[in-house]
Amino acid sequence: MTKTSRRHSLSVKLLVSVILWVTSAIFFTGYALALLWQLENAGKNINYAGSLRMKMYHMLLLSSQPDHQKDLQSERDQFVFVLNNLLKSDKNNFIFPNNTKIDTQIQIIQQSYTSNILPILNQSPTFSHIISTKDLLTINQFVGNINYLVKIIENQNTQNIIWLRFIQTVLIIMVIFTAFSAIYLLYRFVINPLTHLQTAIQQISLGNLSQRITITNKDEFNIVSAGFNKMADNLQDLYNNLEQKVSQKTISLEEKNHELAILYDITTFLHESSMQETLLESFLDKIIQLGNADAGFIGLLNSNKDSFDFLYGQGLPKQSDIIKKCYFSARCFFDVNVLPKNPNPIYIHTKQQNKFHLSIPNCIQKTFEYFVIFPIWHNNNEIGMVGLYFTNPQNDSVTEKRNHYLIKTLIKQLAVSIENQHLTIKEKQLAVLEERNMIAQGLHDSIAQSLSFLNLQTQILEKAIDQQNYSRIKQNLNFIQKGIQECYEDVRELLLNFRTKINNTDNFSKIIQNVLDRFKSQTNIPIEVHSLNQQFFLTQQQQLQVVFILQEALSNIRKHSSCSLVQIFFKNDKDFLMKIQDNGVGFDTKIIQEKKISHVGISIMKERADKIPGIIHINSVLHHGTTIELIIPQ
């Protein structure tokens with residue numbers, strides 16, 4: 001947008017005009033006030049000068065009286081005081097220059113008063129004292145000087161009045177001129193441009209898009225007018241080319257919608273596909289179709305980044321199938337190590353010497369004009385690449401760049417999908433390993449110990465047979481039978497525990513009750529349950545682990561506690577709490593901590609609590625039972 005220069009700016013013009021007018025008004029008004037002050041002082045001075053004549057005659061009268069010397073002296077002092085005030089008043093005028101005539105006349109009066117009048121006044125008064133003719137002439141001359149002083153002051157006062165009237169006339173003329181000038185300037189610089197602008201806006205609103213504003217000035221309305229004309233030009237251009245622009249926007253919108261549809265379809269496909277090989281092959285088919293390519297390949301690099309663990313091609317020459325098969329060991333397809341390590345596409349012409357010095361097979365050079373390699377990157381790590389082959393160069397470079405950008409975006413989604421599949425596989429493997437570890441710990445704690453006991457009893461039985469000690473043989477057979485029965489019960493309990501599943505939150509209390517009923521049927525130990533019939537705000541994973549911890553605790557009670565009562569408390573306020581108490585033999589926790597012995601059952605419960613996550617507290621006193629608390633924070 002064009003900027004208005006300062007000297008053509010309307011605001012500057014108005015500001016300068018206002019400053020000049022205010023300055024002139026202040027000057028003339030101040031000068032008028034000064035003249036009024038001068039007139040006021042002149043009036044006082046005229047009165048003072050006029051009083052000098054009266055004082056003069058009064059002093060003559062007092063001088064002829066013998067008893068009025070004191071009054072005469074007072075009048076003398078008053079006369080001198082008034083005369084000095086007149087001189088001082090003229091000299092203290094800071095605005096107007098001193099009047100030399102007034103100063104000279106006052107000095108003449110002072111000299112005449114001192115040299116001529118005072119001797120007359122100082123004569124000794126007598127009853128028959130008569131003023132001589134000479135003295136009268138001197139007094140008349142002195143009074144004439146006073147009258148002349150009054151006349152000079154009155155003349156100056158008259159001149160000041162004339163100047164005051166002149167200034168008042170100038171102020172009136174300024175007001176009139178300012179009013180007409182303001183009306184003229186307001187009409188010319190504000191009202192007239194606004195009228196033209198309003199007229200043009202009305203014409204535009206009526207459909208006359210050819211309406212323009214003629215620019216005459218160089219002020220702010222010039223910018224507004226230029227902006228209006230530019231807006232009108234754009235509006236007229238839009239109106240004239242509306243159909244073409246709508247068509248262009250429609251085509252652009254269709255292209256964007258097409259790209260979004262492709263992104264949505266392929267992204268959905270990537271997230272729904274479960275088999276990696278099928279995913280990669282189908283993805284390559286879609287990319288070849290999207291890029292208008294004639295052939296392509298997709299491969300995943302091995303951990304060393306020097307060859308492919310997976311390689312799939314489509315539309316390549318038959319000779320390349322042999323190359324593809326031998327690539328895993330011979331690198332005869334092309335050497336991936338010489339390619340740049342970044343996620344940007346790599347363009348390679350088969351008929352020209354490439355800067356990467358790739359060894360391109362003859363069948364590829366003869367069949368295709370060029371090919372593009374799209375590296376597959378995820379978390380700054382190259383995991384594979386996609387190659388597209390073209391027999392003829394693309395004519396529309398803009399479309400080609402747009403398609404390649406879209407392909408690059410889709411390859412990023414492919415990398416995320418591949419990594420998600422890897423993470424899903426690893427997560428499943430980790431879950432299987434964790435469950436296997438739980439099973440192994442359970443077997444070790446139950447079946448392995450039972451089998452070890454049976455093995456020991458078998459060795460003792462063998463020695464008793466050799467010694468033909470039939471009572472010992474019968475005793476060992478009873479031990480073996482009990483061990484087998486206990487081992488069978490352990491296996492059955494483990495199978496029931498591993499088969500426990502929770503499909504929804506409604507059957508949690510029912511599953512807990514089934515576990516407790518099974519424990520009572522196996523052991524005939526009474527169980528007291530508190531607050532089981534309530535709403536538990538736990539996830540399915542949390543409920544499943546709570547059931548497993550309860551099963552493990554009851555299994556340990558059955559094997560080791562020798563108790564006669566089990567109490568189980570549930571609480572689900574702010575945090576979830578499950579407390580299991582028995583009145584059995586208990587154990588010494590200090591011995592286990594000092595010997596650093598970790599009981600398999602205790603470790604299983606702690607591992608399962610950590611998964612939720614939760615906290616396990618185990619308190620046991622020898623011969624006073626054991627308490628197990630599971631707390632799941634909100």
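Small disclaimer: the values here were computed from a predicted structure and weren't measured.
- Taking the side chain as every heavy atom from C-beta outward, F569 and E629 never approach each other to under 4.5 Å.
- Minimum interatomic distance between P343 and P375 (heavy atoms only, all atoms of both residues): O-CD, 4.0 Å.
- Between the NZ atom in K341 and the CG atom in N381 there is a gap of 10.0 Å [rounded to 0.5 Å].
- Contact check for L280 versus I418: side-chain heavy atoms found under the 4.5 Å cut-off.
- Nearest heavy-atom pair across V372 and P345 is CG1-CB, 4.0 Å.
- Within 6.0 Å of CG on N342 lie more than 12 heavy atoms contributed by other residues, nucleotides or ligands.
- Between atom NE2 of residue H617 and atom NZ of residue K606 there is a gap of 10.5 Å, rounded to the nearest 0.5 Å.
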### Query
Where do I568 and I512 land on the side chain to side chain contact (heavy atoms under 4.5 Å, CB included) test, with the steps shown first?
CA-CA 11 Å; I568 302 177; I512 293 289; over 6 Å; no
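- Side-chain atoms of I580 and I557, non-hydrogen and from C-beta on, do get closer than 4.5 Å to each other.
- The side-chain heavy atoms of Y389 and D294, taken from C-beta on, include no pair separated by under 4.5 Å.
- Residues I612 and G614 share a closest heavy-atom pair of CB-N, 3.9 Å.
- Listed here is the closest heavy atom pair of A293 and F390: CA-CE2, 3.6 Å.
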### Message
Determine whether N379 and E419 satisfy the following criterion, side chain to side chain contact (heavy atoms under 4.5 Å, CB included), listing intermediate values before the conclusion.
### Response
CA-CA 10 Å; N379 290 335; E419 289 298 317; 5.8 Å; no
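- For the pair P613 and I632, the tightest heavy-atom approach, listed with the atom from each and the gap, is O-CG2, 3.9 Å.
- Between F576 and F508, the ring-plane angle classifies as perpendicular under the 30° and 60° cut-offs.
- Judged purely by distance below 3.5 Å, without hydrogens or angles, the side chains of Q289 and D285 never pair a donor atom with an acceptor atom.
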### Task
Any chance you could lay out the side chain to side chain contact (heavy atoms under 4.5 Å, CB included) test for L410 and L290, step after step, and finish with the verdict?
CA-CA 11 Å; L410 293 174; L290 175 62; 3.6 Å; yes
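- Although no hydrogens or angles enter the test, the distance criterion places no donor-acceptor pair under 3.5 Å between the side chain of E552 and the main chain of M605.
- Side-chain N or O atoms of T199 include one that pairs as donor or acceptor with a backbone N or O of T195 at under 3.5 Å.
- With contacts defined as side-chain heavy-atom distances shorter than 4.5 Å, the pair I549/I616 qualifies.
- If you take CG on L300 and CE on M385, they are separated by 10.5 Å, rounding to the nearest 0.5 Å.
- Rounding to the nearest 0.5 Å places CZ of F548 at 13.5 Å from CD of E607.
- Contact check for L554 versus L516: side-chain heavy atoms found under the 4.5 Å cut-off.
- The neighbour count for K574 NZ, taken as heavy atoms of other residues, nucleotides or ligands under 6.0 Å away, does not exceed 12.
- L630 CG to L550 CG: the interatomic distance, rounded to the nearest 0.5 Å, is 10.0 Å.
- Atom CD of Q543 sits about 10.5 Å away from atom CD of Q541, to the nearest 0.5 Å.
- A 4.5 Å side-chain heavy-atom check between L532 and Q513 finds at least one atom pair inside the cut-off.
- Taking each heavy atom of E369 and T391 in turn, the nearest pair found is CB-O, 3.2 Å.
- Checked against I298 for a side-chain contact (heavy atoms from CB on, under 4.5 Å), the options I288, L388, L414 give a single hit: L414.
- Between F374 and H404, the ring-plane angle classifies as perpendicular under the 30° and 60° cut-offs.
- Using a 4.5 Å heavy-atom threshold, the side chains of H378 and V416 count as touching.
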